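As structure tokens, the structure follows; a few thoughts come after it.
Everything quoted here is computed from the prediction, not taken from an experiment.
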Amino acid sequence: MAAEGRVRSQRVWGFVLIAALLVLWEVSARTWVSSNNWPPISRIVVAGAQALAAGELPQVFGSSLWRMLAGYAAGAGLGVLVGVLMGRFRLVNAALDTLVELVRPIPIPAIVPPLILLLGIDATMKIFIVAFASFFPVLVNTIAGVRSVDRVSLDVARTFHVSPARTLWRVVLPASMPFIMVGLRTSLALALIVTVIAEMIAGSEGIGYYLMTMQYAMRSGEMYAAILLLALMGYLLNLCMLGVERRVLHWFQRGS
Amino acid sequence: QQTTKLRVSTIPIIDTAPLQIARAKGFFAQEGLEVDTTPTAGGAAGLPALAAGQVQIAFSNIISIVLGAKQNLGFQIVAAGSGTGGEPPDLAGLIAKKDAKLKTGKDFEGKRVAVNTRNNIIWLYAREWVRATGGDPDKVTYLEVPFPQMIDAVRGDRVDAAFVVEPFLSAGLSADNMTLVGWPYNTVRKYIPVGQYATTKGYLEQNPVVIEKFVRAYNKGVDWANANKGSEEWSKIISEYTKLPPEKIKTLNLPPFEKTVDPAGVDAVVDLMRKNNMLEGAFDSKALLYRTATQPPR
Amino acid sequence: MQLAPAEVDALQAAEPRAPYLRLQGIRKNFGAGDSQTLAIDGVDLDVREGEFLAVIGPSGCGKSTLLQIAAGLAAPSEGVVSFEGNAVLAPPPGIVYLFQQYGKSLFPWRTVIDNVAFAIEHRPGMNRERAHAESRRYLQMVGLGDSERKYPWQLSGGMQQRVTIARALAAQPRVLLLDEPFSSVDALTRLELHALVLELWQQQRFTAVLVTHDVDEAVFLADRVAVLSRRPSQVVEVVETELPRPRDNIATRELPRFIELRHHLLSQLLRREA
Amino acid sequence: MQLAPAEVDALQAAEPRAPYLRLQGIRKNFGAGDSQTLAIDGVDLDVREGEFLAVIGPSGCGKSTLLQIAAGLAAPSEGVVSFEGNAVLAPPPGIVYLFQQYGKSLFPWRTVIDNVAFAIEHRPGMNRERAHAESRRYLQMVGLGDSERKYPWQLSGGMQQRVTIARALAAQPRVLLLDEPFSSVDALTRLELHALVLELWQQQRFTAVLVTHDVDEAVFLADRVAVLSRRPSQVVEVVETELPRPRDNIATRELPRFIELRHHLLSQLLRREA
Amino acid sequence: MSATAFSRRRPERYLGLATVLALVLALEGCVRSGSVNAAIVPPPSVVIAKLGGILTGGDFAQPLAETLYLLFASYAIGCALAVGLGLLMGRYAFVHGLFEPLVEFLRPLPKPALLPPLILFLGLGDAMKMTAVALGVFFPVLINTVQGVRGTDPVLLDVARTFGHKPTAAVFKVVLPSALPLILAGMRVSLGLGLVLVIVAEMMAGTGGIGFLVIDMQRSFRSADMYAWIVILAVLGYGLNALFVRLERRLIHWSLSSTD
Ligand SMILES: Nc1ncnc2c1ncn2[C@@H]1O[C@H](COP(=O)(O)OP(=O)(O)OP(=O)(O)O)[C@@H](O)[C@H]1O
Ligand SMILES: Nc1ncnc2c1ncn2[C@@H]1O[C@H](COP(=O)(O)OP(=O)(O)OP(=O)(O)O)[C@@H](O)[C@H]1O
Ligand SMILES: [Mg+2]
Ligand SMILES: [Mg+2]
């Protein structure tokens with residue numbers, strides 16, 4: 001707890017660092033880097049403020065956010081579920097392991113045509129893509145977490161005749177939480193990334209489409225404004241996750 | 001009268017102006033069509049979506065349509081989109097640094113040229129331009145660079161020249177130390193087809209009337225575009241879907257929009273594709289053009 | 001402690017009962033190939049219903065392993081365990097094993113009281129309040145009433161150990177297998193815990209098997225004491241304590257039989273080298 | 001064991017020495033706000049150079065905490081620790097603390113011998129072979145010569161505990177702080193370990209502080225025994241054992257002084273309730 | 001152990017193959033029955049035939065080598081930096097505070113969105129691709145490492161202190177091994193991610209490798225060839241993961257021992 005407070009106060013330096021980088025950006029854009037693709041921060045802020053005021057950006061972000069959350073919830077939820085089962089039961093693991101490892105390296109852009117065929121070009125497809133991407137980090141971390149659960153913990157549950165299902169829920173799950181949480185955080189950022197990418201494939205909604213259009217319209221100010229806002233959104237979402245993590249994992253992180 | 005819903009995959013670039021105009025001016029509604037345009041990035045997902053039946057019509061470049069038709073996806077061109085006129089300017093040009101002193105294809109040997117994707121139309125015409133101006137296209141390196149990054153790439157000497165489209169072309173030319181080297185489209189052949197609207201044989205057989213209505217309304221958009229190019233309303237409509245600032249739209253130099261596709265032009269493209277190993281075996285380019293593409297419906 | 005149960009007990013201890021928890025020909029091998037360790041080499045042991053059996057033996061001889069096998073937590077390499085006539089292949093309902101590694105057997109994400117509640121919260125008809133009330137009762141018995149909201153890592157070693165005792169007792173098992181449950185507590189606490197365990201044992205009439213290194217403790221608590229040999233371990237001898245109940249911290253320990261047994265067992269243990 | 005060192009020892013134990021390891025006004029608070037626990041409430045204790053000091057006290061009173069403070073592993077909330085005249089703010093070279101939680105203090109990714117080698121492998125002039133040879137020597141001393149290539153989870157509780165003893169001894173510290181090091185071993189092993197520790201203590205002339213729950217052990221091994229009170233703990237009394245060295249398992253334990261001390265300390269511990 | 005474990009694992013291994021085989025057969029059935037457009041999803045049998053052609057033709061070595069080179073280089077860079085920074089961030093509150101905001105701002109940014117500055121500053125070559133991929137590999141390993149470091153048992157750290165190990169030595173001897181299960185989990189996530197990113201980078205940069213081939217075939221609607229390459233990709237991913245699992249078994253057998 002004290003350590004957490006210390007980190008929080010040190011975070012100030014993190015923001016100082018970011019501010020310094022932004023100043024460097026401003027200076028570089030005004031002096032030696034001259035490209036339409038590298039506008040000064042001040043121009044980005046102005047463009048961003050206008051887009052925000054016009055209600056354009058809030059609408060764009062809102063529509064992305066729900067797609068992202070839907071896909072993330074599905075993918076991460078399934079990741080934990082399948083991960084716990086695969087980590088715990090040999091047979092489930094044997095049945096799915098090969099399949100998972102064959103599917104994991106397939107890049108989404110490569111399977112866009114069949115996805116369109118099966119899921120259309122609208123929300124369903126995008127949500128699926130987000131879920132697909134969120135699934136694997138959670139799965140891999142969950143399996144690793146479940147496998148690292150101490151045998152004594154499991155035996156305690158057995159000797160008190162706790163049912164296997166309840167053991168999963170009350171012992172295996174909390175014990176693997178350090179792994180699961182970190183998988184969830186990895187996937188959260190990934191979900192955001194993939195939402196944007198999926199929106200670039202087709203459709204006229206969301207951050208991805210906005211970034212794409214602004215780039216092709218040579219309005220790099222708006223484009224970077226959206227990127228910075230995206231970063232901010234990711235930061236805030238991660239902060240929420242950290243809040244959850246502090247409650248769930250207080251017992252784990254006392255080493256720090 | 002009952003309205004028919006039609007989903008059209010487009011690309012939010014200047015080339016699709018007539019379609020957007022026809023929509024904005026209500027030409028489709030007059031024909032009893034409700035057209036819903038779905039933008040896809042660079043058109044990559046457009047033809048797959050068409051083949052999958054998720055859209056009924058897709059705007060795409062001629063090369064992709066030919067390649068798809070070759071793989072028995074049943075594509076049919078129903079209307080003209082964009083192309084080059086009888087003389088420059090085109091929608092795309094080859095630019096380089098002034099001090100690079102690049103003039104002809106011969107100068108390009110051993111040099112690097114930026115194209116948006118290899119094995120596609122920009123690449124094809126870049127090669128053919130090199131050939132047409134006395135160079136060997138195989139001695140040139142073609143690097144894939146997204147259009148928005150091409151100017152940076154030239155300026156940063158990552159490439160020696162770029163075959164770039166509007167609005168980046170105008171932006172590039174307005175920068176200092178940049179010059180136009182050539183108009184590959186026009187140099188290779190006048191009146192060549194670039195972008196077209198395609199549908200599938202399956203849809204055509206079931207809905208010939210819908211397609212006629214679509215093309216008729218679209219052609220009204222073409223007429224309007226050619227007549228009102230540069231007007232306030234024109235800028236407004238274009239700006240609406242491309243997000244380009246209106247003042248920039250006014251400065252763009254555009255060829256006229258066409259209502260028909262020249263079958264000879266398609267043949268020529270197919271020949272070029274063969275010449276550059278993009279196509280093997282027999283291909284009947286006549287069968288690719290539905291009648292609405294050569295004879296505008298009354 | 002009334003006289004009646006004590007008398008019954010003395011009787012029960014004397015007269016042999018039907019097989020209750022039975023270990024037959026138990027052998028246990030760890031590892032494979034060259035690095036094999038034969039931990040237990042043919043142990044036969046009958047635990048009688050309701051008795052208090054103590055097991056002593058040198059460090060590393062296989063006492064914990066044996067208890068885990070009896071609890072259905074580990075499988076013997078050879079031999080059979082049966083409980084009330086049925087083969088034990090998984091932890092049978094009614095048998096609870098208290099781990100020697102008390103630190104590891106507490107869940108770090110649960111508070112002390114929730115750790116105790118773990119033993120009972122899943123039972124039919126239990127809810128959170130009842131489980132907590134029950135757990136609190138046992139925590140108070142082991143002297144940890146004021147630490148219920150702490151986490152295990154906030155407790156001293158001896159306190160952690162007492163939590164595991166509370167948890168095992170709260171489960172009210174029919175057979176309680178205790179693996180060095182008092183190793184980390186001071187003399188007084190240990191006496192208090194002895195009294196507590198004996199009292200509950202007499203009230204609830206469960207069967208207790210206790211592994212300990214403390215010969216005094218073994219003799220004081222048990223009806224019978226089993227002595228294991230060095231690894232690979234076998235049963236060297238099983239002695240009836242034949243001490244009267246209720247037992248008293250001072251009186252019992254001064255009985256000639258107690259002193260004699262203590263001496264005998266200690267010399268058994270100390271002799272093994274020779 | 002020759003007579004000479006024993007005589008020296010008896011002398012040393014009698015005559016007070018210069019402050020060596022000194023705890024002054026130590027208080028220790030855990031937590032903050034409402035959930036505060038005052039574990040130690042003003043402890044003053046001087047450990048003399050070369051002496052064997054035992055510390056006894058009830059479970060949870062703060063013995064481990066006190067030893068960790070003395071080792072420089074934990075900071076006191078108030079008070080000062082000094083070692084050879086210098087304030088202890090971090091673990092000073094020469095002081096080694098042996099953890100009560102032996103299971104947790106072994107590295108699961110290291111074999112037994114590598115766990116022991118951990119204590120010395122980083123020293124100047126050490127290489128892998130020498131560290132292993134040295135570690136092997138100490139493992140043999142604690143009776144684990146044949147388990148050196150096993151991993152901690154393959155050992156029994158008592159064996160794990162002996163590994164930590166071997167590790168602490170291998171470090172050859174000037175001050176060795178032992179926190180219930182013999183709690184999980186059987187009677188014979190315990191006697192052997194007592195002999196081992198005493199022998200090394202006399203050979204290497206280090207200072208030993210031993211926390212234990214076993215009063216016999218405390219009296220048998222120590223020069224002085226400190227008794228702590230319940231939490232918040234204070235020093236109740238420090239007794240000189242005044243028993244001759246070398247000590248003998250049978251003879252020493254039969255000395256009247258031994259029996260008297262044992263009785264006194266036990267009643268001290270058992271009385272605290274009243 | 002090995003003898004029994006082996007005979008027990010054998011049928012299980014077939015189970016995994018059986019699952020895959022069943023799915024492939026189901027797909028074949030779907031395509032053949034016409035319920036799925038064969039032009040977009042070619043029947044597996046056709047893909048396998050193409051695959052045979054590629055493998056016997058021998059032109060798979062070159063793109064495979066390019067892809068693997070890019071993958072290994074960026075993976076190694078990304079992991080090394082992530083573990084290094086992760087150890088520092090997990091250990092020192094100041095470093096954590098200094099970098100955490102930046103990391104958390106950069107982490108959710110899509111690499112395509114970073115393409116403009118990447119191309120602007122790094123050009124079009126391997127440097128740009130490696131940076132993009134290494135960046136993607138970097139973050140999962142980093143946050144897993146930080147988490148692992150923070151979970152190190154204080155008792156183990158105190159053991160190192162009491163035996164007089166220097167703090168830096170303790171990082172390598174105590175913190176790193178203790179965090180290893182989490183670090184390896186992160187690296188395993190990143191391995192899959194890295195492969196995907198390499199392919200995507202090759203698709204976007206279009207200079208070669210499997211990614212370029214795949215996207216090129218997709219653009220020319222040669223789906224059977226494309227899927228043949230995707231199968232190669234999938235098997236590649238499977239193989240890399242299998243290697244990784246072996247490594248994991250060696251490095252953290254002590255942590256996996258509980259599941260025997
Ligand atoms: N998982 C394992 N793998 C290999 N050997 C093991 C394993 N578990 C226990 N052993 C070995 O089996 C023997 C018996 O272990 P066990 O824990 O039962 O001893 P114990 O009698 O309980 O000892 P203690 O009194 O020290 O707790 C030991 O020699 C130990 O090394
Ligand atoms: N990290 C902590 N947070 C809160 N309280 C703690 C913490 N560590 C120890 N305590 C408390 O401090 C007191 C003393 O603990 P300590 O471990 O020193 O006792 P001990 O004398 O060694 O007991 P034992 O003989 O049982 O090992 C205990 O009441 C314990 O609850
Ligand atoms: Mg044991
Ligand atoms: Mg203690």
[X] (side chain) donor-acceptor with [Y] (main chain) under 3.5 angstrom:
| X | Y | answer |
| --- | --- | --- |
| C:Arg190 | C:Phe182 | yes |
| C:Asn115 | C:Arg110 | yes |
| D:Gln161 | D:Pro181 | yes |

Inset, instruction - Tell me, please, which residues at least two apart from C:His132 pass ring pair (Phe, Tyr, Trp, His ring centres under 6.0 Å). - result: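 For C:His132 there are no ring pair (Phe, Tyr, Trp, His ring centres under 6.0 Å) partners, ignoring immediate neighbours.
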
Legend entry - Per-residue contacts, residues 210-218 of chain D versus chain C, heavy atoms under 4.5 Å: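 At a heavy-atom separation under 4.5 Å, chain C is reached by D:His213.
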
Part of [X] within contact of chain C (heavy atom distance under 4.5 Å):
| X | answer |
| --- | --- |
| D:Leu155 | neither |
| D:Ser183 | both |
| D:Asn249 | neither |
| D:Leu144 | neither |

Inset, instruction - Run the numbers on D:Thr37 and D:Arg231 for side-chain contact (heavy atoms from CB on, under 4.5 Å), then give the verdict. - result: CA-CA 9 Å; D:Thr37 313; D:Arg231 202 192 70 201; 3.6 Å; yes

Should the heavy atoms of other residues, nucleotides or ligands under 6.0 Å from [atom1] of [X] be counted, would the total exceed 12?
| X | atom1 | answer |
| --- | --- | --- |
| C:Arg262 | CZ | no |
| C:Arg257 | CZ | yes |
| D:Arg27 | CZ | yes |

Legend entry - Close approach to chain D in residues 61-69 of chain C, criterion heavy atom under 4.5 Å: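 Within residues 61-69 of chain C, no residue comes under 4.5 Å from chain D.
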
Inset, instruction - Taking heavy atoms only and a threshold strictly under 4.5 Å, list by residue number the residues of residues 98-107 of chain C that touch chain D; give 'none' if the list is empty. - result: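 Within residues 98-107 of chain C, the residues that come under 4.5 Å of chain D (heavy atoms only) are C:Gln100, C:Tyr102.
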
Measure the spacing between [atom1] of [X] and [atom2] of [Y] and express it to the nearest 0.5 Å.
| X | Y | atom1 | atom2 | answer |
| --- | --- | --- | --- | --- |
| C:Gln160 | D:Ser59 | CD | OG | 10.0 Å |
| C:Arg149 | C:Asp114 | CZ | CG | 10.0 Å |
| D:Leu53 | D:Leu221 | CG | CG | 11.5 Å |
| C:Ile26 | C:Ser77 | CD1 | OG | 9.5 Å |
| C:Leu270 | D:Thr189 | CG | OG1 | 9.5 Å |
| C:Thr111 | C:Gln154 | OG1 | CD | 10.0 Å |

Inset, instruction - Would you check, one step at a time, whether the test side-chain contact (heavy atoms from CB on, under 4.5 Å) holds for D:Val235 with D:Leu228? - result: CA-CA 5 Å; D:Val235 179; D:Leu228 296 189; 3.9 Å; yes

Inset, instruction - Measure C:Arg162 against the heavy atoms of chain D and call it side chain, backbone, both or neither at under 4.5 Å. - result: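 The answer is the side chain of C:Arg162.
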
Inset, instruction - Using non-hydrogen atoms and a 4.5 Å limit, figure out which bit of C:Ile56 sits close to chain D: side chain, backbone, both or neither. - result: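 For C:Ile56, no heavy atom lies under 4.5 Å from chain D.
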
Inset, instruction - For the residue pair C:Phe220 and C:His194, categorise the inter-ring angle as parallel (less than 30°), tilted (30 to 60°) or perpendicular (more than 60°). - result: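 Correct class here is tilted.
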
